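Remember, it's a predicted structure, so these values are computed and weren't measured experimentally. Along the sequence shown, the residues carry numbers beginning at 1.
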Amino acid sequence: QVTMVESGGGLVQPGGSLRLSCAASGSIFSINDMGWYRQAPGKERELVAIIGSGGSVNYGDSVKGRFSISRDNAKNAVYLQMNSLKPEDTAVYYCKMGVQITHWPHVTDYWGKGTLVTVSS
């Protein structure tokens with residue numbers, strides 16, 4: 001009922017920038033939190049950034065000051081601007097949204113399939 005499409009991953013040199021995008025489509029009534037998570041090889045998935053429906057944001061400690069999350073409610077989309085990238089930022093990045101679909105009163109978390117970000121020279 002809800003499809004999530006991510007884009008923007010790729011290979012970038014250390015110190016470079018990338019912008020990730022994620023858009024949801026389907027029978028959407030409203031979206032609460034939107035967030036980005038990442039999982040590096042051999043590690044657990046971790047929070048990168050999250051933005052509430054009112055615009056409040058939180059970042060993981062390792063990305064504070066370098067990454068910026070934003071959302072476009074009209075497009076059901078969330079973005080992650082990543083600057084000053086480091087090799088340790090290499091991971092698969094996943095978007096997640098708390099979606100209330102039409103004719104259903106509960107909020108369900110939907111995940112994207114992930115997009116690979118590789119930071120290497």
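- Taken together through direct or relayed side-chain contacts under 4.5 Å among Ile, Leu, Val, Met, Phe, Trp and Tyr, V5 and V78 form parts of separate hydrophobic clusters.
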When the side chains of residues 8-32 are checked against the rest of the protein, which donor-acceptor pairs come out under 3.5 Å, sequence neighbours left out?
| from | atom 1 | to | atom 2 | distance (Å) |
| --- | --- | --- | --- | --- |
| S17 | OG | N83 | OD1 | 2.9 |

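- Counting only residues at least two apart or in different chains, ring-ring contact (aromatic ring centres under 6.0 Å, His included) contacts with residues 64-96 are absent.
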### Task
Evaluate salt bridge (Lys or Arg N to Asp or Glu O under 4.0 Å) for D89 paired with R66, printing each intermediate quantity in order.
CA-CA 11 Å; D89 294 317; R66 301 188 297 122; 2.8 Å; yes
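- Note: the hydrophobic cluster containing Y37 does not contain M82 (ILVMFWY, side chain heavy atoms under 4.5 Å, direct or indirect links).
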Name the atoms and distances for all side-chain donor-acceptor pairs under 3.5 Å in residues 43-56, with sequence neighbours left out.
| from | atom 1 | to | atom 2 | distance (Å) |
| --- | --- | --- | --- | --- |
| E46 | OE2 | R38 | NE | 2.7 |
| E46 | OE2 | R38 | NH2 | 3.2 |

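- Residues satisfying the side-chain contact (heavy atoms from CB on, under 4.5 Å) criterion with K64, sequence neighbours excluded, are Y59, D61.
- Within a 6.0 Å radius of CD in Q39, other residues, nucleotides and ligands contribute more than 12 heavy atoms.
- From L85, atom CG reaches atom OG1 of T118 across 11.0 Å, with rounding to the nearest 0.5 Å.
- Note that OG1 of T90 is 7.5 Å distant from CG of L116, once rounded to the nearest 0.5 Å.
- Within the structure, no pair that satisfies the salt bridge (Lys or Arg N to Asp or Glu O under 4.0 Å) test touches residues 69-85, not counting sequence neighbours.
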For residues 97-112, run the donor-acceptor check on the side chains, cut-off 3.5 Å, and write out each pair with its distance to 0.1 Å, sequence neighbours left out.
| from | atom 1 | to | atom 2 | distance (Å) |
| --- | --- | --- | --- | --- |
| Q100 | NE2 | W104 | O | 3.3 |

